[in-house]
Visitor: 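Below is one structure. I have some questions about it.
Here the structure is a predicted model, which is why all the values come from computation and not from measurement.
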There are 2 protein chains.
Amino acid sequence: MIREKKRIFSAFADMKGLRATRQRDLILDVFLSTHQHISVEELYLKVKAANRGIGQATVYRTLKLFVEAGLAREIVLHDGQTRYEHLVAGEHHDHLICTGCNSIIEFENEAIEELQREIAARHGFVIKSHKLELYGLCPSCRN
Amino acid sequence: MIREKKRIFSAFADMKGLRATRQRDLILDVFLSTHQHISVEELYLKVKAANRGIGQATVYRTLKLFVEAGLAREIVLHDGQTRYEHLVAGEHHDHLICTGCNSIIEFENEAIEELQREIAARHGFVIKSHKLELYGLCPSCRN
DNA sequence: AACGATATCGATAATTTTTATCATTAACTC
DNA sequence: GAGTTAATGATAAAAATTATCGATATCGTT
C-alpha cells in the first residue's frame with residue numbers, strides 16, 4: 001500500500017521531469033505514516049522531528065505535488081484549517097463532521113455518487129471530483 | 001423576499017439583544033442586492049461605495065452575524081477564497097463548479113438529502129447542515 | 001567520477017486573510 | 001436628555017500561504 005503510493009509518486013515525478021530529493025522522500029514517508037486529515041503545520045512538525053533541516057515552505061510545496069499526483073486531497077473544514085488527507089486513485093470517501101468535537105467519520109455511498117453523476121450529466125458537466133461534508137453533532141456531543 | 005430577510009435579521013438581533021445600527025442595515029441591504037457567492041472583500045468595496053466611512057472589520061463581523069442568523073452561508077472554494085451566499089431558512093442548494101471557468105451552477109436534490117439523513121442516522125448523528133460540491137468541466141470548457 | 005545546467009532547497013520577506021485591541025461614537029433604557 | 005455600554009473604525013496583530021533568492025544537490029553527459 002505504502003510501496004504502491006511511493007511508486008505512484010515516483011512515476012508522477014518522472015512524468016513531470018521532477019527530481020527525486022531526500023526531502024520529498026522523507027515528507028512522503030511521514031505523510032504516509034500519518035492518520036487522515038493532517039494540517040500542513042502538523043506535518044511540518046513531524047517532518048522536522050525526523051530531519052531538523054527541512055523548511056516548511058518545502059512541506060507546502062511538496063503537499064501540493066501530492067495533490068497533483070493524486071495521492072492527497074485538500075479538505076477545508078469550517079474552522080478555517082486546510083488539511084490534507086490520503087487518497088488512492090479512484091477511491092474516495094465523504095465526511096461526517098461533528099461540530100462539537102471536530103471528529104470526522106468517513107463514509108462512502110454509491111447511491112449518492114450515482115445521483116451526482118445524473119445531476120452532472122443533466123447540466124452537461126464531466127465530473128472530476130466532488131466533496132460532500134455533513135455537519136452535525138455526534139452521539140457524545142448531543143447531550 | 002428582501003423584506004422577509006430583513007425581518008429575519010431584525011428578529012435575530014432582538015433575540016440576541018443586538019443593537020440596530022446604520023452599518024448593519026446598510027451591509028444587509030448591499031448583501032441582499034448582490035448576486036450569489038460574494039467574497040468579504042467584494043462586499044466591503046460595494047459597501048464602502050455607498051458609505052465611505054465603513055470599516056472592513058465591521059463587514060467581517062456583520063457577515064458572521066448573517067451566518068448566525070441563518071441568512072448566509074460560508075462556502076470555501078478550492079481557490080482559497082471564502083465566500084458568502086444567500087440562504088433562506090430551510091432552503092439550500094449544492095454546487096456544480098467548473099474548474100475551467102470557475103462558474104457555479106446550483107442545484108437541489110431531495111433524493112441525495114434523504115440519503116444523507118440515512119447515513120447520519122446510521123452513525124447517530126444529528127445533521128445541522130451539509131456541503132456538496134461537484135467539480136468538473138462545463139460544456140464550454142470541455143473542448 | 002567529475003562537470004555543468006538547473007531544479008530544488010531553506011531562510012526569510014512579503015502577501016493575504018482574518019481576528020484582536022482600544023479609544024471614540026452612537027444606540028437604547030430609564 | 002443623561003448614563004450605560006454595545007458597536008464602530010482604524011490599526012495592530014496573528015495566522016496562513018506564497019514569493020524571492022542565493023546556496024545546494026540532482027542528474028544527464030562526459
Visitor: Measure from CD on A:Glu41 to C1' on D:dA14 and round the result to the nearest Å.
Guide: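 Between C1' of D:dA14 and CD of A:Glu41: 13 Å.
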
Visitor: Specify the separation, in whole Å, of atom CZ of B:Arg83 and atom P of C:dT16.
Guide: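 Value for this atom pair: 16 Å.
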
Visitor: For the pair A:Asp29 and A:Lys6, find out whether any cationic side-chain nitrogen is under 4.0 Å from an anionic carboxylate oxygen.
Guide: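 So A:Asp29 pairs with A:Lys6 through a salt bridge.
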
Visitor: Rounding to an integer number of Å, can you tell me how far B:Arg22 CZ sits from C:dT25 P?
Guide: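 Atom CZ in B:Arg22 sits about 13 Å away from atom P in C:dT25.
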
Visitor: Using whole Å, what does the distance between atom C1' of nucleotide C:dT17 and atom OH of B:Tyr84 come to?
Guide: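 These atoms are roughly 11 Å apart.
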
Visitor: OP1 or OP2 of D:dT17 sitting under 4.0 Å from any side-chain N/O of A:Thr82?
Guide: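 True: A:Thr82 side-chain N/O within range (under 4.0 Å) of D:dT17 OP1/OP2.
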
Visitor: Hey, are the side chains of B:Leu18 and B:Phe12 touching, using non-hydrogen atoms and a 4.5 Å cut-off?
Guide: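 Yes. Closest side-chain heavy atoms under 4.5 Å.
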
Visitor: State whether B:Glu110 and B:Arg117 are salt-bridged, where the test is any N-O pair (Lys NZ or Arg NE/NH1/NH2 against Asp/Glu carboxylate O) under 4.0 Å.
Guide: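 Salt bridge flag = yes for B:Arg117 with B:Glu110.
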
Visitor: For the pair made of CG in B:Leu43 and C1' in C:dT18, what is the distance, rounded to whole Å?
Guide: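 Value for this atom pair: 15 Å.
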
Visitor: How does protein contact run along nucleotides 6-13 of chain C, one letter per nucleotide 5' to 3', with B for base contact, S for sugar-phosphate only, - for none, heavy atoms under 4.0 Å?
Guide: BBSBB---

Visitor: Return the value, rounded to whole Å, for the distance between atom CD of B:Glu42 and atom C1' of C:dT16.
Guide: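 Interatomic distance, CD of B:Glu42 to C1' of C:dT16: 15 Å.
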
Visitor: Rounded to whole Å, please give me the gap between CG in B:Asp25 and P in C:dA26.
Guide: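 So the two atoms are 15 Å apart, to the nearest Å.
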
Visitor: Below the 4.0 Å mark, does D:dT17 have OP1 or OP2 next to a side-chain nitrogen or oxygen of A:Lys64?
Guide: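 So the side chain of A:Lys64 is outside the cut-off, no N or O lying under 4.0 Å from OP1 or OP2 of D:dT17.
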
Visitor: Taking C-beta and beyond as the side chain, do A:Ile27 and A:Arg24 meet within less than 4.5 Å on heavy atoms?
Guide: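 No, their side chains stay 4.5 Å or more apart.
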
Visitor: If we count only N and O atoms by modelled type, under 3.5 Å, do the side chains of A:His37 and A:Glu85 hold a donor and an acceptor together?
Guide: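 Per modelled atom types, A:His37 and A:Glu85 side chains form a pair under 3.5 Å.
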
Visitor: Compute the centroid of each ring, for A:Phe31 and then for A:His86, and state whether the two points are separated by less than 6.0 Å.
Guide: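 Between A:His86 and A:Phe31, which both carry aromatic rings, the centre distance is below 6.0 Å.
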
